[in-house]
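All values derive from a computational prediction rather than experimental measurement. Nothing fancy with the numbering, it's 1 onward along the sequence. We count ligands from 1, going down the list as the structure has it; atoms in each ligand are counted the same way.
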Amino acid sequence: MTRKTRVRFAPSPTGPLHMGGVRTALYNYLFAKQRGGDFIIRIEDTDSQRFVPGAEKYIIEALNWCGIVPDEGVDAAGNVVETASERHPHAPYRQSQRKPIYRQYAEQLVENGYAYYAFDTAEELGAKRAEMEANGQTFIYGQTTRMGLRNSLCMPEAEVKELLETRTDWTIRFKMPENRVVKMDDLIRGHVEVNTSTLDDKVLWKRADELPTYHLANIVDDHLMEITEVIRGEEWLPSLPLHYLLYEAFGWTDTQPRFAHLSLLLKPDGKGKLSKRDGDRLGFPVFPLQWTNAEGEVSRGYREDGYFPEAFVNLLAMLGWNPGTEQELFTLEELIGTFSLERVIKSGARFNADKAKWYNKEYLRKKSVSELTDLYMPILESKGINATREYVEKVVGLIKERATFVADFWDIAPYLFVAPTEFVEKDAAKFWKEENYTLALKAADFILAFEGEFTPEGLGAPLEEYIRSNEWPMGKVMNCLRLAMVGGSNGLGIADIVTLIGKEEFARRIEYIKSKLC
Ligand code: GLU
């Protein structure tokens, strides 16, 4: 029987979602949508010590911003979303709300001999660890040590029974089988085998807070939620043998999901995992949205830095996957059509900040002038600029090709909104020479008297023709005019500037530079 594809993204709300986490969610989403399956968001919040308020909301908001919307899961307001089916048997999607589910599963493993009760206190374990370390050994709770510790494998039944009733700090641990080779298959890495001899007896459930640990909750929920593929970060690969053995212990191997472990996102130099520190040091965000931690420290986000979500999604998709063609620009829809786990690379993917910017520039170019104007208007307003939409559209049309972010629009040509009051000294010294500016002022008169169509195309050629026919030095004359319009020698073409700001403003700027520099 073929099962409906159901994959999940299962973040722990321990802080803001790293861009690597967004990539994991994205690959899950693409995989599901390509197969007409369900994409589920499950919040793994059973570790109360690492819980960070606001992190869950952040994660959902970040995924929403990217357009990675779940069929089932939790929305930003904390409500259950379930668009996939009418009545959902899988809710709730937050593990803390599923608390009563897990104990029976842990107990079932004890009954069947796959797990045991452990009563060692933290102090006892600490002492044991210290004792072994003093002898140059490392302590793990497992096959070589368990029989000398305090647990139901080696204590009299009556004592176990009594401790279970009287104490509230015991745990249930998995009994790792001895010397077994666990044979596993990974959709990205292929066949992997691990001998259990080095693996410890992980805690599965804790009486103290009556909560499961990650391993138990993860397996039980993947089973109950009918997950068909687990696509997650490679940091979980070492847990895979335990997960295989848990499926076996529960008797769920028939419906065990297939696994795919994604390689890490690497620093730009390829040496190690991409961290927030790299972002701070090299000037790029590693989080999708801005995040302020409890100490009030702000980490930058792609959204606030001016990235378009489509660009962010596209660049993430390409960090670790290649389509096998030269194509680099993909919409989410196109990614759904083309993505495949077979083309996910095994090695780590190096992050490249310039490439990230390139994606944004490409998406900016694709946007309509009207859409970009919508984004630029509020920026202008915040600067106290009062310009008509019609005017701003013309400006945007003229400069969009030069920008990477909408915020660049201002820096590219502030002089289209405010007249220069100062002149770059070096440029003025170089260009504003009497033999040049007397000619430029005559060219200005030509512009003011020009009666043809006052557009860049209408004015541009006649102006050049006028300068050329007088045998004046083109560059020098133009640079004098540019100095008057811009305040320096870098800027748009004279005909572009002049026809935008209009004759009146042009005349004002000419008078101003004369009053200052002549
Ligand atoms: N809660 C785990 C995490 O935050 C999920 C790992 C998994 O997908 O199995 O990474």
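- Geometrically, R303 does not engage Y307 in a cation-pi contact defined by less than 6.0 Å to the ring centre and at most 45° from the axis.
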**Asked** How far apart are the C-alpha atoms of E61 and W65, what are their side-chain angles, what is the distance that settles it, and do they pass the side-chain contact (heavy atoms from CB on, under 4.5 Å) test?
**Response** CA-CA 6 Å; E61 218 182 292; W65 178 65; over 6 Å; no
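- Contact residues for ligand 1 (protein heavy atom closer than 4.0 angstrom to any ligand atom): R8, A10, P11, S12, E44, Y214, N218, R232, W236.
- Cation-pi contact between R167 and F119: absent, since separation from the ring centre below 6.0 Å together with deviation from the ring axis within 45° is not met.
- A salt bridge is defined here as a Lys NZ or Arg NE, NH1 or NH2 lying under 4.0 Å from an Asp or Glu carboxylate O, and E210 with K99 fails to meet this definition.
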Taking only distance into account, with no hydrogens and no angle test, what donor-acceptor pairs under 3.5 Å do side-chain atoms of residues 267-274 form with protein atoms, sequence neighbours excluded?
from, atom 1, to, atom 2, distance (Å)
K267, NZ, K273, O, 3.3
K267, NZ, D278, OD1, 3.1
K267, NZ, D278, OD2, 3.0
D269, OD1, K271, N, 2.8

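- A donor-acceptor pair shorter than 3.5 Å cannot be found between the side chains of D221 and Y93.
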